[in-house]
**Student:** 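Sharing a structure below in structure tokens format, with a few things to ask.
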Amino acid sequence: MHWSDVMAQRLAERGQNHIVATGITPSGEFHIGHLREILTGDMIVRAAQKAGLNAELVFVVDNADPLRKVYPFLSDDYHALIGHQLGSIPAPDANGHPDWSRFENEGWSYGDHFLAPFLDALAQIGVEPKLLPNLEAYQSGKFAAATKRACDEPGAIREIIERVSGRELSEDWFPWQPLDSKGSLDGVVVTGYEYPMVHWRDAHGIEGVSDITKGEGKLPWRLDWPAKWGFNGITCEPFGKDHGAAGGSYDTGKEIARFFGHEPPTPLTYEWISLRGQGAMSSSTGNTVGPIEALELVPPEILRYLIANSKPNKAIEFDTGMGLVNLADDFERWSSRDLQEELSDSSLSRRQRVQLEDTETALALASPKVGNAVSATSVSFRHLALLAQIKTEDVEVWRSLAASHDLEEPTVELHDRLRRMRNWIASPHFPDEMRISVRKTPSEEALADLEAEHLQVINCLHKALSNQPWTNEGITAAFKAAAESSSTGMRQVYRVCYAVFMGKERGPRLAPILANCDRTEMLDLVVACSNMVERKPASG
RNA sequence: GGGCCUGUAGCUCAGUCAGGUAGAGCGUCGGACUUUUAAUCCGAUGGUCGCGGGUUCGAACCCCGUCGGGCCCGCCA
């Protein structure tokens, strides 16, 4: 059974109505790691709905969290804003300076700034969760009941956290972090409490009160989380392995939730996504691939497929190079198969059946639209990458596909893919292995593999090419002529050509590529190769 | 120190929860298409399931131990 269906089954045992929560702090650029959080939630919701449950996806925007530090993309002006809530400070402008005017005029906050593009990406990828901005929840008093409970009995909360996490809380710890005289959550000491006011003294020596029903502060994370499970009615939540560690925030959250008077959500811990060869992704180090960036390269269904087809506890290495090509081709191959048909074969072993079923589910989940299986384009990524490099005009690509793939009219998906493919090729992520490059100088290595008798072919080639117009047809004719005059087969000619022009044993059809190269340079290359091979038998 | 994940074919991984003859895809090799846009199609190859014990008629799967890899335990998905 697919992991999403396992979760749905677990939820069905729990009840009929479900709210699946995801939550992210908008402290910097979002990356595809965050996408796993949201997509995992989205896929659970789909599976639950498929199983006949009512399920909704919500996205808690943790914009009540404070700014932790001045990230590399921020100007020093942000030093003064450390500890301030992300939803109540201005967004950085193009130079990383706080954009106060936009903040004051439109209320455009730091959190909004980073959230907006992520939501755009989510829309493209077929996920439109209900947004639950946390800061606003505090300000409208949604946290008040849980907060009161915690502040009334801080000892009970302290006991849970210390026992479950094995961590000792400081003497002055209090289950509410008030905002100080400047609006920061840092360095404030609680000096007293009588509902609904928490008394405090800040780092500047100023004293004041904080109304817990008006969001004049926030709960510490380990309480914030279980509190919002309650008033939002969360029944299921996927979260990263950091929260899932023993004694981590889910463990303490479970008990605190019950203390608040509700059942914790059904959890699903998932592994992180790392960038191939570069370790875990992190907004603060800038070691990221944004969802937007990823979507410039690959269609949404491929990204969804990556998540759907990886079990949550499996770490994913995101590879924007060859890995992406293989992933996309893998997706393409599977989606062009008729799995229903294959599953009707009763001779399948249980193992084979499970494999097909899970893949079928993953493919369904890969579609940005529910119940709308992504139709196979039947054009592999490799092939499209090739065409996109050879043909500068889209029309040319379609013409070629019409001939080779019986393609009558390019579909919307194909247009889309070609557009993204061109972006990818233009980006630094495009793997060299896929890049078509014609040699400027002979490849000693490739030529060394040729037999002495091939020398003749090279000479014939030069002659033949010289006698033909420098066009696709002319060059093709020249290849044939070279085969005839050197009295060998076309296979040999191609082998020599790939060695000469690309330094490889095989490759894409050469004529159209050469036609786009400079004639003189190519003829010189042939001569240079000829010279190099000529010397070889003499010296050895 | 506490804990989680992980080890299965050359590679990426299913299969472990519900024990019943080792599964995919890629790669590799071969063939076909009277020669190819890294194509497509067909076929073949390939594994003492990390290691050692135990339970069982039967173990990749359950139990105990052990070794290796990754990671979490202020915040982070």
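Below, chain A is the first sequence line, B the second, and so on; all start at residue 1.
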**Student:** Pick the C1' atom in B:G54 and in B:A14, then give their distance to the nearest Å.
**Tutor:**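 Roughly 28 Å separates the two C1' atoms.
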**Student:** Please report the distance, rounded to the nearest Å, between NZ in A:Lys254 and C1' in B:G3.
**Tutor:**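 That distance rounds to 13 Å.
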**Student:** Answer with base, sugar-phosphate or nothing: what part of the nucleic acid does A:Leu35 contact at a heavy-atom distance below 4.0 Å?
**Tutor:**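 Nothing, no nucleic acid heavy atom in range.
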**Student:** For A:Tyr250 and A:Phe239: C-alpha separation, side-chain torsions, deciding distance, then whether ring pair (Phe, Tyr, Trp, His ring centres under 6.0 Å) applies.
**Tutor:** CA-CA 9 Å; A:Tyr250 182 75; A:Phe239 47 82; 5.0 Å; yes
**Student:** Identify which nucleotide among B:A77, B:A38, B:A14 has an atom closest to any side-chain atom of A:Lys314, counting heavy atoms from C-beta outward.
**Tutor:**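 Output: B:A14.
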**Student:** By nearest heavy atom, map A:Asp242 and A:Val6 onto RNA chain B; which one lands nearer the 5' end?
**Tutor:**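 By nearest-heavy-atom nucleotide position, the 5'-most residue is A:Val6.
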**Student:** Over 60° means perpendicular and under 30° means parallel, so tell me whether A:Tyr110 and A:Tyr78 are parallel, tilted or perpendicular.
**Tutor:**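 The rings of A:Tyr110 and A:Tyr78 stand perpendicular, inter-plane angle above 60°.
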**Student:** According to a cutoff of under 5.5 Å between the ring centres and under 30° between the ring planes, does A:Phe239 stack with the base of B:A77?
**Tutor:**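 Check failed, A:Phe239 does not stack on base of B:A77.
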**Student:** Measure from the side-chain N and O atoms of A:Glu271 to the backbone N and O of A:Lys311, and report whether any donor-acceptor pair falls under 3.5 Å.
**Tutor:**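 No, because the side chain of A:Glu271 does not come within donor-acceptor range (under 3.5 Å) of the backbone of A:Lys311.
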**Student:** Please give the distance between the P atoms of B:U16 and B:G52 as a whole number of Å.
**Tutor:**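 One P to the other, the span is 24 Å.
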**Student:** What is the pairing partner of B:C71, taking Watson-Crick or G-U wobble pairs with both distances under 3.5 Å in any strand?
**Tutor:**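 Partner of B:C71: B:G3.
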**Student:** Can you tell me, in whole Å, how much space there is between the P of B:G30 and that of B:C17?
**Tutor:**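 Approximately 41 Å lies between the P atom of B:G30 and that of B:C17.
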**Student:** Let me know the distance between CG of A:Leu510 and P of B:U36, rounded to the nearest Å.
**Tutor:**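 The distance from CG of A:Leu510 to P of B:U36 comes to 12 Å, rounded to the nearest Å.
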**Student:** A:Gly323 near the nucleic acid: base, sugar-phosphate alone, or nothing, with a heavy-atom cut-off under 4.0 Å?
**Tutor:**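 Counting heavy atoms under 4.0 Å across all strands, no contact is made by A:Gly323.
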**Student:** Using a heavy-atom cut-off of 4.0 Å across all strands, would you classify A:Ile513 as base, sugar-phosphate, or nothing?
**Tutor:**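 Contact class for A:Ile513: none.
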**Student:** Considering only atom P, compute the distance from B:C29 to B:C72 and round it to an integer number of Å.
**Tutor:**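 Those two atoms are separated by 40 Å.
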**Student:** Taking only the side-chain heavy atoms of A:Gln352 (C-beta and beyond), determine which of B:A24, B:U6, B:A77 contains the nearest atom.
**Tutor:**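 Of the candidates, B:A24 comes closest.
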**Student:** Nearest-Å distance, CZ (A:Arg10) to C1' (B:C17)?
**Tutor:**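 Atom CZ in A:Arg10 sits about 9 Å away from atom C1' in B:C17.
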**Student:** Out of B:C76, B:C75, B:U37, which nucleotide sits closest to the side chain of A:Trp272?
**Tutor:**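 Selected nucleotide: B:C76.
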**Student:** Distance between the P atoms of B:C63 and B:U55, in whole angstroms?
**Tutor:**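 After rounding to an integer number of Å, I get 15 Å for this pair.
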**Student:** Considering only the P atoms, how many Å lie between B:A24 and B:C42, rounded to the nearest integer?
**Tutor:**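 That atom pair is separated by 15 Å.
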**Student:** In whole angstrom, give the distance that lies between atom CG of A:Leu514 and atom C1' of B:U37.
**Tutor:**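 My rounded result for the distance is 13 Å.
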**Student:** Among B:A24, B:A77, B:U37, find the nucleotide with the atom closest to the side chain of A:Trp334.
**Tutor:**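 Nearest to the side-chain atoms of A:Trp334, counting from C-beta on, is B:A24.
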**Student:** Give me the ring orientation class for A:Trp424 and A:Phe381: parallel if the planes are under 30° apart, tilted from 30 to 60°, perpendicular past 60°.
**Tutor:**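 Ring orientation of A:Trp424 relative to A:Phe381: tilted.
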**Student:** Rounded to the nearest angstrom, tell me the gap between atom CE in A:Met434 and atom C1' in B:A38.
**Tutor:**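 Taking CE of A:Met434 and C1' of B:A38, I get 8 Å after rounding.
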**Student:** Quick check: on RNA chain B, is the nucleotide nearest A:Trp221 upstream (toward 5') of the one nearest A:Tyr494, or the reverse? Name the residue that is more 5'.
**Tutor:**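 Its nearest nucleotide being more 5', the pick is A:Tyr494.
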**Student:** Could you state the CZ-C1' distance from A:Phe381 to B:C26, rounded to the nearest angstrom?
**Tutor:**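 One finds 17 Å between C1' of B:C26 and CZ of A:Phe381, rounded.
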**Student:** Would you say A:His243 reaches B:A77's phosphate, i.e. side-chain N/O to OP1/OP2 under 4.0 Å?
**Tutor:**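 No, A:His243 has no side-chain N/O under 4.0 Å of OP1/OP2 on B:A77.
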**Student:** Would one find a side-chain N or O of A:Arg36 under 4.0 angstrom from OP1 or OP2 of B:A77?
**Tutor:**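 No, no such contact exists.
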**Student:** Give one of base, sugar-phosphate or nothing for A:Lys391, where a contact means two heavy atoms less than 4.0 Å apart.
**Tutor:**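 A:Lys391: base contact, heavy atoms under 4.0 Å.
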**Student:** Quick one: do the A:Thr361 and A:Asp358 side chains pair a donor with an acceptor below 3.5 Å?
**Tutor:**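 Checked: A:Thr361/A:Asp358 side chains show no N/O donor-acceptor pair below 3.5 Å.
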**Student:** Find the distance A:Trp3:CH2 to B:A14:C1' and express it as a whole number of Å.
**Tutor:**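 Answer to the nearest Å: 16 Å.
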**Student:** Answer yes or no: does a side-chain N or O of A:Arg351 lie under 4.0 Å from OP1 or OP2 of B:A24?
**Tutor:**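 For A:Arg351, the contact criterion (side-chain N or O under 4.0 Å from OP1 or OP2 of B:A24) is not met.
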**Student:** What's A:Leu386 touching, base or sugar-phosphate or nothing? Going by heavy atoms closer than 4.0 Å.
**Tutor:**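 Result for A:Leu386 = base.
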**Student:** Taking the P atom in each of B:C4 and B:C64, what is the distance between them to the nearest angstrom?
**Tutor:**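 My reading of the P atoms in B:C4 and B:C64 gives 12 Å.
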**Student:** Can you tell me if A:Asn63 uses its side chain to pair, donor with acceptor, with the backbone of A:Leu135 under 3.5 Å?
**Tutor:**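 Pair found, side chain donor or acceptor close to backbone of A:Leu135.
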**Student:** Just N and O in the side chain of A:Asn313: are any of them under 4.0 Å from OP1 or OP2 of B:U6?
**Tutor:**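 The answer is yes; a side-chain N or O of A:Asn313 sits under 4.0 Å from OP1 or OP2.
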**Student:** Distance between the C1' atoms of B:U40 and B:G69, in whole angstroms?
**Tutor:**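 The same atom, C1', in both gives a distance of 40 Å.
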**Student:** Which nucleotide in the list B:G23, B:G15, B:U37 gets nearest to the side chain of A:Gln355?
**Tutor:**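 Taking heavy atoms from C-beta onward, the closest nucleotide is B:G23.
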**Student:** With both distances under 3.5 angstrom, what nucleotide forms a Watson-Crick or G-U wobble pair with B:C13?
**Tutor:**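 Per the H-bond distance test, B:G23.
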**Student:** Quick one: does NZ or CZ of A:Lys218 land under 6.0 Å from the six-membered ring centre of A:Trp176, within 45 degrees of the ring axis?
**Tutor:**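 Pair A:Lys218/A:Trp176 does not count as cation-pi.
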**Student:** Does A:Lys241 place a side-chain N or O at less than 4.0 Å from the phosphate oxygens OP1/OP2 of B:G70?
**Tutor:**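 Indeed not, no polar side-chain atom of A:Lys241 lies that close.
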**Student:** Is the distance from OP1 or OP2 of B:A77 to the nearest side-chain N or O of A:Thr25 less than 4.0 Å?
**Tutor:**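 Indeed, a polar side-chain atom of A:Thr25 lies that close.
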**Student:** Side chains of A:Ser349 and A:Gln352: do they bring a donor and an acceptor to under 3.5 Å?
**Tutor:**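 Yes - a donor-acceptor pair under 3.5 Å links their side chains.
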**Student:** For B:G20, does OP1 or OP2 lie under 4.0 Å from any side-chain N or O of A:Arg350?
**Tutor:**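 For A:Arg350, the contact criterion (side-chain N or O under 4.0 Å from OP1 or OP2 of B:G20) is met.
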**Student:** Using whole Å, report how far OH of A:Tyr498 lies from P of B:A38.
**Tutor:**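 Taking atom P of B:A38 as the reference, OH of A:Tyr498 is at 8 Å.
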